[in-house]
Chemist: 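Quick one: the structure is below, and I'll ask about it shortly.
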Amino acid sequence: MEPTTFVLFGATGDLAKRKIYPALYNLFLDGKLPPSFALIGLGRRELSDETFRGNVERSIRTFSRRKVQDDAAAVERFLDAFRYCVLDVGRKDDYRKLLDMIESREQELRLTPNRLFYLSVGPEFFEPIAANIQESGLGSADGWKRLVIEKPFGRDLPSARDLNRKLNQAFAEHEIFRIDHYLGKPMVQKLEALPRSHPAFQALWTGRRIASVQITAAETVGVEERAGYYDHSGAIRDMFQNHMLQLLMMLAAHLPAGQADEKAGVRKKKAVQALRPLTKEEAKAHVVRGQYAAGTVQGTPVVGYTAEPGIDAESANDTFIAARLLLDDPFWRGVPFYIRTGKRMSGKSTRIVVEFERLPGQPLPTAEDEGAAHDLLVVDIGPEEGITLRSKANDPRRSAASEPIRIDLQANPDDVPEAYENLIGDALRGDATFFAHWDEVEWSWAWVQPILEAFADNLVPLRLYAAGSEGPAESDALLAENGHRWWSDSRNEQEIEMKEGNQYAYHANH
Ligand code: NAD
């Protein structure tokens, strides 16, 4: 890895404290930081280097997934790379001071001037920071430069295009690393290569017809402290346009053998381009817009969305969205992709379910075993991680009757890196595979734009759902139109519950 100066805007913020420092510490433990590494933290507050290092140490002691070792010398070595500089985004002088500081660190440590600028600040600062990096000369050294930015990337298609155009005045596309932290999750990183990764998956993908794909990201929490932001974003901007469509692209970016060496980014772009567009008028037939009402989440009574602190009592904001999407692609033609995401749902889970059509000769479901009558490939992305195949089979030891089985293709792995470790490690190495590329972002916004407009014009009715439920009844009805149903609710879990002694463990990475 090449020598790097990591310039962190928003070094006193919440994300830095909870995610970025713990990720850097775990990369350090794994020997995955560049051997010559300097970090300069930036914030508006005056802090001494010592206080800053003390804050970073507290953050890793509180939030690191691996316990901070008692080896004081190792912690000291990690913290030794950290310096602090006061910077107000709008003050040009501060950038010149920053440049002086970076140059003197580079000289002191004999670092090639490779600079990674990480923007862990509000989106209103993305453009001015990029422009000031350009203007101040911070981005004109002999080494490489990279810009890592957090979400959100725009709030609709025109604003995303505008932001991108402005960033491109200071950074080329290959220098921009847009974080979508779902792409850092280990299970998500496996998705795109899944059909090629093991004979078992190859056989499933090529030998079986896929009936539907379902992608769910359910949260039990409400708006929490983010009322101001969330009430102007909703589930469609906060989750759907970015994380959910990225999950769709990762799964659908499968192409027939022969093109498999095409870069993942190119295949993801083809997947999002293949999404059949919806017009504003068509949105109502394919999209369900929901908002939680009062209810009980896991035994705790909670208020409805419009009674939450900071939320307008008349708000028609969406806290739930379900949609049916079709891809005009030879492999996926006729296979509906169902996506749903919501707050205050019955359980917390991010999961993809691939439902296969029944094989000829496979018994027809009876009324009692309807829930287990289909073959499902279930990819659990969080909080549990794993890949399971759920089906029915005859168990000759028991009886001729078929029973539900569950095959673990990838057991819950221990010691998995966090999303931010994977992503920061990749950005340091210059590998943009698991970042949101501009084409993907632009096409996602283009698909979502008519739905935003339909919501704004109230063309898609707002459906209330009780907190602690599976979302509005219309979301079930959307799938029922095609003879499908959601497979990821707790009811199905019980139905598919594996019976004792009926599990065939098979680990895909044997
Ligand atoms: P935060 O409010 O906790 O921190 C913001 C940081 O920006 C602070 O360090 C603050 O000093 C700095 N800042 C604010 N105004 C400034 C100015 N004028 N000049 C210089 N610095 C200034 O926010 P956060 O939760 O750390 O989030 C940061 C970014 O990450 C946001 O874009 C957010 O959307 C995104 N994000 C956060 C999370 C999360 O879990 N917190 C998750 C995903 C994305």
Side-chain angles (χ1 to χ4, degrees), residues 1-11 13 15-42 53 56 59-60 63-66 74-75 77-85 98 101-103 105-106 108-121 129-130 133 138-139 141-151 167 170-186 188-189 263-265 416-437:
M1 232 184 250
E2 293 169 292
T4 307
T5 302
F6 192 113
V7 186
L8 179 59
F9 292 78
L15 187 70
K17 184 172 73 181
R18 284 190 306 108
K19 296 289 178 193
I20 300 173
Y21 301 137
L24 287 168
Y25 176 67
N26 282 281
L27 287 168
F28 166 78
L29 290 182
D30 290 336
K32 289 182 177 166
L33 284 186
S36 303
F37 178 74
L39 184 143
I40 298 181
L42 306 169
R53 283 193 283 260
V56 174
S59 138
I60 61 171
F63 297 108
S64 166
R65 75 181 163 89
R66 284 183 293 208
V75 176
R77 247 186 305 127
F78 171 68
L79 294 174
D80 192 41
F82 289 70
R83 298 286 184 280
Y84 184 80
C85 181
L98 173 63
M101 185 168 177
I102 292 177
E103 284 176 344
R105 278 295 273 168
E106 285 167 347
E108 185 190 336
L109 301 173
R110 296 169 198 270
L111 298 181
T112 321
N114 299 321
R115 297 169 188 167
L116 183 151
F117 301 95
Y118 194 124
L119 273 44
S120 178
V121 291
I129 292 177
I133 288 173
L138 275 160
D142 286 343
W144 51 250
K145 65 177 188 301
R146 291 178 194 144
L147 182 76
V148 179
I149 53 173
E150 283 290 339
K151 74 168 197 184
L167 294 184
F171 291 88
E173 172 62 16
H174 74 273
E175 297 172 322
I176 302 177
F177 292 69
R178 296 175 198 80
I179 294 231
D180 183 315
H181 72 272
Y182 275 61
L183 293 177
K185 293 176 190 265
V188 177
Q189 300 202 337
K263 275 196 161 171
V416 206
E418 284 212 354
Y420 273 86
E421 277 170 68
N422 287 330
L423 296 174
I424 292 174
D426 286 352
L428 285 167
R429 286 186 292 105
D431 181 350
T433 306
F434 294 114
F435 290 82
H437 311 109

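FYI, side chains are in, hydrogens and waters are out, and symmetry mates aren't considered; it's all heavy atoms of this structure. Please read all numbers here as calculations on a predicted model, not as lab measurements.
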Chemist: With side chains defined as the heavy atoms from C-beta onward, is the minimum distance between Val56 and Phe78 less than 4.5 Å?
Modeler: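 Side-chain contact under 4.5 Å: yes.
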Chemist: Can you find a heavy atom in the side chain of Gln189 that is under 4.5 Å from one in the side chain of Leu183?
Modeler: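 No, too far: nothing below the 4.5 Å cut-off.
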Chemist: How long is the span from the CG atom in Asn26 to the OH atom in Tyr420, to the nearest 0.5 Å?
Modeler: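 OH of Tyr420 is found 15.0 Å from CG of Asn26.
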Chemist: Using every non-hydrogen atom in the two residues, find where Pro113 and Ala141 come nearest and quote the distance to one decimal.
Modeler: CB-CB, 3.5 Å
Chemist: Under a 4.5 Å cut-off applied to non-hydrogen side-chain atoms, are Arg66 and Leu29 in contact?
Modeler: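 A side-chain contact exists here, since the closest heavy-atom pair is under 4.5 Å.
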Chemist: Could you tell me the separation between the NE2 atom of His181 and the CG atom of Asn422, rounded to the nearest 0.5 Å?
Modeler: 12.5 Å
Chemist: Return the minimal non-hydrogen interatomic distance between Ser64 and Pro22, and the atom names on each side.
Modeler: CA-CB, 3.9 Å
Chemist: For Leu423 and Phe434, run side chain to side chain contact (heavy atoms under 4.5 Å, CB included): C-alpha distance rounded to whole Å, both residues' side-chain angles, the deciding distance at 0.1 Å, then the answer.
Modeler: CA-CA 7 Å; Leu423 296 174; Phe434 294 114; 4.2 Å; yes
Chemist: Taking side chain as C-beta onward, heavy atoms only, is Arg146 less than 4.5 Å from Phe117?
Modeler: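 Of all side-chain heavy-atom pairs linking Phe117 with Arg146, none is under 4.5 Å.
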Chemist: What do you reckon, is NZ of Lys32 surrounded by more than 12 foreign heavy atoms closer than 6.0 Å?
Modeler: no
Chemist: Please walk me through it: do Arg83 and Arg53 pass side chain to side chain contact (heavy atoms under 4.5 Å, CB included)?
Modeler: CA-CA 8 Å; Arg83 298 286 184 280; Arg53 283 193 283 260; 2.9 Å; yes
Chemist: Quick check for you: to the nearest 0.5 Å, what is the distance between Cys85 atom SG and Phe9 atom CZ?
Modeler: 9.5 Å
Chemist: Testing the basics here: between Ala170 and Ala130, what is the closest heavy-atom pair and its distance to 0.1 Å?
Modeler: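 Scanning both residues, the minimum pair turns out to be CB-O, 3.4 Å.
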Chemist: According to ring-ring contact (aromatic ring centres under 6.0 Å, His included), who are the partners of His437, at least two apart in sequence or on a separate chain?
Modeler: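 Partners of His437 by the ring-ring contact (aromatic ring centres under 6.0 Å, His included) criterion come out as none, since no residue qualifies.
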Chemist: CZ/Arg65 to OH/Tyr25 distance, rounded to the nearest 0.5 angstrom?
Modeler: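 One gets 11.0 Å once the value is rounded to the nearest 0.5 Å.
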Chemist: What are the two closest non-hydrogen atoms of Ala419 and Lys185, and how far apart are they?
Modeler: CB-N, 3.9 Å
Chemist: Please check: side-chain N/O of Arg178 versus main-chain N/O of Ala436, any donor-acceptor pairing under 3.5 Å?
Modeler: yes
Chemist: Which residues pass the ring-ring contact (aromatic ring centres under 6.0 Å, His included) test with Tyr118, sequence neighbours left out?
Modeler: Phe6
Chemist: For the residue pair Leu33 and Met1, what are the closest heavy atoms and their distance?
Modeler: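 Looking at all heavy atoms of both residues, the shortest contact is C-SD, 4.1 Å.
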Chemist: For a quick test of reading the model, state the closest non-hydrogen atom pair linking Val148 to Ala427 and the distance between them.
Modeler: CG2-CB, 4.0 Å
Chemist: Between Ser36 and Thr4, is any pair of side-chain heavy atoms under 4.5 Å apart?
Modeler: no
Chemist: Donor-acceptor check, side chain of Ser59 to backbone of Lys17, threshold 3.5 angstrom: yes or no?
Modeler: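 Checking the backbone N and O of Lys17 against the side chain of Ser59, a donor-acceptor pair under 3.5 Å is found.
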Chemist: I'd like to know if the side chain of Asn114 pairs up with that of Thr112 as donor and acceptor (distance under 3.5 Å, no hydrogens or angles considered).
Modeler: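 Distance-only check fails for Asn114 and Thr112.
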Chemist: Looking only at side-chain N and O atoms, does Glu2 offer a donor or acceptor that is under 3.5 Å from a partner on Trp144?
Modeler: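 A pair is found: one side chain offers a donor N or O, the other an acceptor, under 3.5 Å apart.
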Chemist: What is the distance from atom OG1 of Thr5 to atom CG of Leu111, rounded to the nearest 0.5 Å?
Modeler: 5.0 Å
Chemist: When you look at Ile424 and Asp426, which way does the side chain to side chain contact (heavy atoms under 4.5 Å, CB included) test go after all the steps?
Modeler: CA-CA 5 Å; Ile424 292 174; Asp426 286 352; over 6 Å; no
Chemist: Going from CG on Leu24 to CG on Leu8, what distance comes out if it is rounded to the nearest 0.5 angstrom?
Modeler: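 Rounded to the nearest 0.5 Å, the CG-CG separation comes out at 8.0 Å.
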Chemist: Side chains of Leu119 and Leu147: does their closest heavy-atom pair fall under 4.5 Å?
Modeler: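 Yes, at least one pair of side-chain atoms sits under 4.5 Å.
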Chemist: Quick one: does NZ or CZ of Lys145 land under 6.0 Å from the six-membered ring centre of Phe171, within 45 degrees of the ring axis?
Modeler: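 Yes, cation above the ring, under 6.0 Å and within 45°.
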Chemist: Start with the C-alpha distance between Ile149 and Leu167, add both sets of side-chain angles, then the distance that settles side chain to side chain contact (heavy atoms under 4.5 Å, CB included), and finish with yes or no.
Modeler: CA-CA 10 Å; Ile149 53 173; Leu167 294 184; 3.7 Å; yes
Chemist: Do the non-hydrogen side-chain atoms of Asp180 and Lys151 ever get within less than 4.5 Å of each other?
Modeler: no
